[in-house]
Amino acid sequence: MIRILSAAVLAAVTALPVAAQDKPSNTECIAPAAPGGGWDFICRTVAKVLRNEDLIDGTMQVTNMTGGGGGVAYAHVVSKRNEDEKLLIAASNGTTTRLAQGAFPGANEDDVRWLASFGAEYGVIAVAADSEIDDLPELVEMMKADPRSVSFAGGSAVGGYDHLKILKLAKVAELEDVRQVKYVAFSGGGEAMTQVLGGSITAFSGDFSEVRGFVEAGDIRIVAVLSPERLEQFDQYPTAIEQGYDVTGPNWRGLYVPKGISDETYESWNQMIQKMVASEEFQQIRADQGIEPLDLFGADAEEFVKENVAEIRALSKEIGLIQ
């Protein structure tokens with residue numbers, strides 16, 4: 001009789017969800033792109049710190065699943081892993097932009113549960129060091145006087161986030177037709193920067209990491225950082241907000257999980273990721289990468305993501321990218 005009860009208890013414990021166990025084992029993080037990119041960095045950092053902080057049992061497997069700008073991984077999770085309680089998926093502004101613009105066929109932001117945002121690289125607007133433009137208000141006044149006289153370069157496609165940052169600024173500046181703002185897409189931030197330095201493009205729209213080397217070399221001058229407050233380690237650069245334009249442009253980093261997991265498991269992951277973010281190791285990795293804190297978890301993360309999608313969707317409709 002004792003042996004039968006012991007077997008039953010063992011079976012029940014084995015069947016318990018992640019939340020009911022001390023530490024989950026056989027965990028996995030999907031990076032929806034090839035090794036070396038931002039999503040891969042998220043997964044490998046999360047796997048490393050969760051293990052080092054003894055928050056998981058054993059190592060976390062990192063799976064690179066390329067295709068469709070994250071769409072292949074998203075579809076895989078929704079259709080095949082919807083109840084997988086040991087799975088995390090890396091996410092960023094690229095995820096929400098594609099969802100907002102309908103780039104994941106048949107999918108929307110409600111098909112998964114958004115778990116966390118734990119950092120952001122903020123956008124910047126920059127000009128060549130020898131530009132006659134002194135600050136953001138001067139650049140905006142040029143846009144308002146003649147939108148077609150000002151051109152912006154960025155490393156994302158038309159409708160991508162580098163473009164959307166400029167459209168957000170145009171809206172706040174109350175331009176009559178934001179579609180008149182000229183944006184030229186290049187294959188990367190470096191190529192876009194070269195055009196600004198050559199004088200064929202007025203200003204650059206991108207992320208801080210893309211301009212940092214050019215700024216330190218004295219070639220490029222930042223006229224606005226699109227963050228709520230000045231960057232902690234680079235507080236010499238003014239924000240758009242303090243210059244009178246309520247615009248932010250965070251390229252956030254975070255995670256989502258399958259929609260079908262239990263509330264208990266979701267809350268367990270929520271608490272675990274918060275402990276990870278609070279660790280000294282994670283804080284140091286984030287600082288070394290120039291990523292600013294943007295710590296939102298659970299319900300706050302869900303609200304943030306849905307607002308992010310709604311904003312991008314509205315802008316994309318306004319410029320005719322989607323109906």
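Both backbone and side-chain heavy atoms feed into the values below; hydrogens, waters and symmetry mates do not. All residue numbers in this chain count up from 1 along the given sequence.
- Using a 4.5 Å cut-off on side-chain heavy atoms (C-beta onward), Phe152 and Thr202 make no contact.
- Atom CD of Glu229 is separated from atom CG of Asp235 by 11.5 Å, given to the nearest 0.5 angstrom.
- Between the side chain of Trp269 and the main chain of Glu85, a donor-acceptor pair closer than 3.5 Å is present.
- Using the six-membered ring where Trp is involved, Phe234 and Phe208 have ring planes that are tilted, between 30° and 60° apart.
- The heavy-atom pair separating Ser151 from Ser200 by the smallest distance is OG-O, 3.9 Å.
- In this structure, Arg44 contributes its side chain and Val62 its backbone to no donor-acceptor pair below 3.5 Å.
- At most 12 heavy atoms of other shown residues, nucleotides or ligands fall within 6.0 angstrom of atom CD in Glu176.
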Walk me through it: do Ser227 and Glu292 pass the test side chain to side chain donor-acceptor pair (under 3.5 Å)?
CA-CA 9 Å; Ser227 57; Glu292 295 288 310; over 6 Å; no
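- Contact annotation: the side chain of Tyr161 never approaches that of Thr96 to less than 4.5 Å [non-hydrogen atoms, C-beta and beyond].
- Checked by atom type and distance alone, the side chain of Lys259 never pairs as donor or acceptor with a backbone atom of Val78 at under 3.5 Å.
- Lys144 has its side chain within reach of Leu175: a pair of non-hydrogen atoms, C-beta onward, lies under 4.5 Å apart.
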Begin with the C-alpha distance, continue with both residues' side-chain angles, and end with the deciding distance and a verdict on side chain to side chain contact (heavy atoms under 4.5 Å, CB included) for Thr45 and Arg286.
CA-CA 10 Å; Thr45 300; Arg286 185 166 64 181; over 6 Å; no
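- Using a 4.5 Å cut-off between side-chain heavy atoms of Ile, Leu, Val, Met, Phe, Trp and Tyr, with links allowed through other members, Ile261 and Val112 fall into different hydrophobic clusters.
- Counting only N and O atoms by type, the side chains of Glu267 and Gln271 include a donor and acceptor under 3.5 Å apart.
- Hydrophobic clustering places Met60 together with Trp39 (ILVMFWY residues linked when any side-chain heavy atoms are closer than 4.5 Å, directly or through intermediates).
- The shortest heavy-atom contact between Lys165 and Gly249 is CE-O, 4.3 Å.
- The hydrophobic cluster containing Val178 does not contain Leu169, counting ILVMFWY residues as joined when their side-chain heavy atoms lie under 4.5 angstrom apart, directly or transitively.
- Glu281 and Asn52 get closest at one heavy-atom pair: OE2-ND2, 3.0 Å.
- Note that the CG atom of Leu87 and the CG atom of Asn82 stand 10.5 Å from one another [nearest 0.5 Å].
- Interatomic distance, Glu318 CD to Leu164 CG, rounded to the nearest 0.5 Å: 11.0 Å.
- Separation of atoms CZ (Arg51) and CD (Glu53) is listed at 11.5 Å; rounding is to 0.5 Å.
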Check step by step if side chain to side chain contact (heavy atoms under 4.5 Å, CB included) holds for Val211 and Met193.
CA-CA 8 Å; Val211 304; Met193 202 84 63; 3.4 Å; yes
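- Looking only at distances, a side-chain donor or acceptor of Asp40 sits under 3.5 Å from a matching main-chain atom of Gly36.
- Note: the hydrophobic cluster containing Val196 does not contain Leu226 (ILVMFWY, side chain heavy atoms under 4.5 Å, direct or indirect links).
- Residues Tyr256 and Met65 fall within the same hydrophobic cluster, defined by Ile, Leu, Val, Met, Phe, Trp and Tyr side chains chained together at heavy-atom separations under 4.5 Å.
- What you find for Arg113 and Ser262 is that their closest heavy atoms are NH1-O, 4.2 Å.
- Between the CD1 atom of Ile30 and the CG atom of Asn64 there is a distance of 10.0 Å, given to the nearest 0.5 Å.
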Under the criterion side chain to side chain contact (heavy atoms under 4.5 Å, CB included), I'd like the reasoning laid out for Phe41 against Ile285: C-alpha separation, chi angles, the key distance, then a yes or no.
CA-CA 11 Å; Phe41 172 77; Ile285 290 172; 3.8 Å; yes
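- Each of Lys306, Arg313, Arg98 was compared with Glu109 under the salt bridge (Lys or Arg N to Asp or Glu O under 4.0 Å) criterion, and only Arg313 meets it.
- Put simply, the side chain of Gln243 gets close to the backbone of Leu136: a donor and an acceptor are under 3.5 Å apart.
- Counting only distance, with no hydrogens or angles, the side chain of Tyr266 and the backbone of Trp114 share a donor-acceptor pair below 3.5 Å.
- For the pair Asn251/Arg253, a side-chain contact is recorded, criterion being any heavy-atom separation below 4.5 Å from C-beta on.
- Counting all heavy atoms, side chain and backbone alike, Ala153 lies closest to Tyr183 at C-CE1, 4.1 Å.
- The CG atom of Asp130 lies 9.5 Å from the CG atom of Asp219; values are rounded to the nearest 0.5 Å.
- Judged by distance alone, with hydrogens and angles left aside, the side-chain atoms of Tyr74 form a donor-acceptor pair with the main-chain N or O of Asn108 at under 3.5 Å.
- In this structure, the ring of Phe118 has its center less than 6.0 angstrom from the ring center of Phe282.
- Within a 6.0 Å radius of CD in Gln236, more than 12 heavy atoms belonging to other residues, nucleotides or ligands are found.
- Within the 4.5 Å cutoff, side-chain heavy atoms of Asp295 are placed close to those of Phe297.
- We find that Glu311 and Lys171 are not joined by a salt bridge, their nearest charged nitrogen and carboxylate oxygen being 4.0 Å or further apart.
- Counting only distance, with no hydrogens or angles, the side chain of Ser205 and the backbone of Asp162 share a donor-acceptor pair below 3.5 Å.
- Looking at Leu88 and Val257, their side chains come closer than 4.5 Å, going by heavy atoms from C-beta outward.
- Side chains of Val223 and Glu138 form no contact here, defined as non-hydrogen atoms less than 4.5 Å apart.
- Ionic pairing of Lys86 and Asp57 is not present here: no N-O contact between side-chain nitrogen and carboxylate oxygen is shorter than 4.0 angstrom.
- The side-chain heavy atoms of Val305 and Glu302, taken from C-beta on, include no pair separated by under 4.5 Å.
- Nearest approach of Asp146 to Ser149, heavy atoms of both residues: O-OG, 2.6 Å.
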Evaluate side chain to side chain contact (heavy atoms under 4.5 Å, CB included) for Ile133 paired with Met142, printing each intermediate quantity in order.
CA-CA 9 Å; Ile133 298 168; Met142 289 175 62; 3.8 Å; yes
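- Salt-bridge annotation for Lys275 and Asp54: absent, with no side-chain N of the basic residue lying under 4.0 Å from a carboxylate O of the acidic one.
- A donor-acceptor pair under 3.5 Å links the side-chain atoms of Glu121 to the main chain of Ser209, judged by distance alone.
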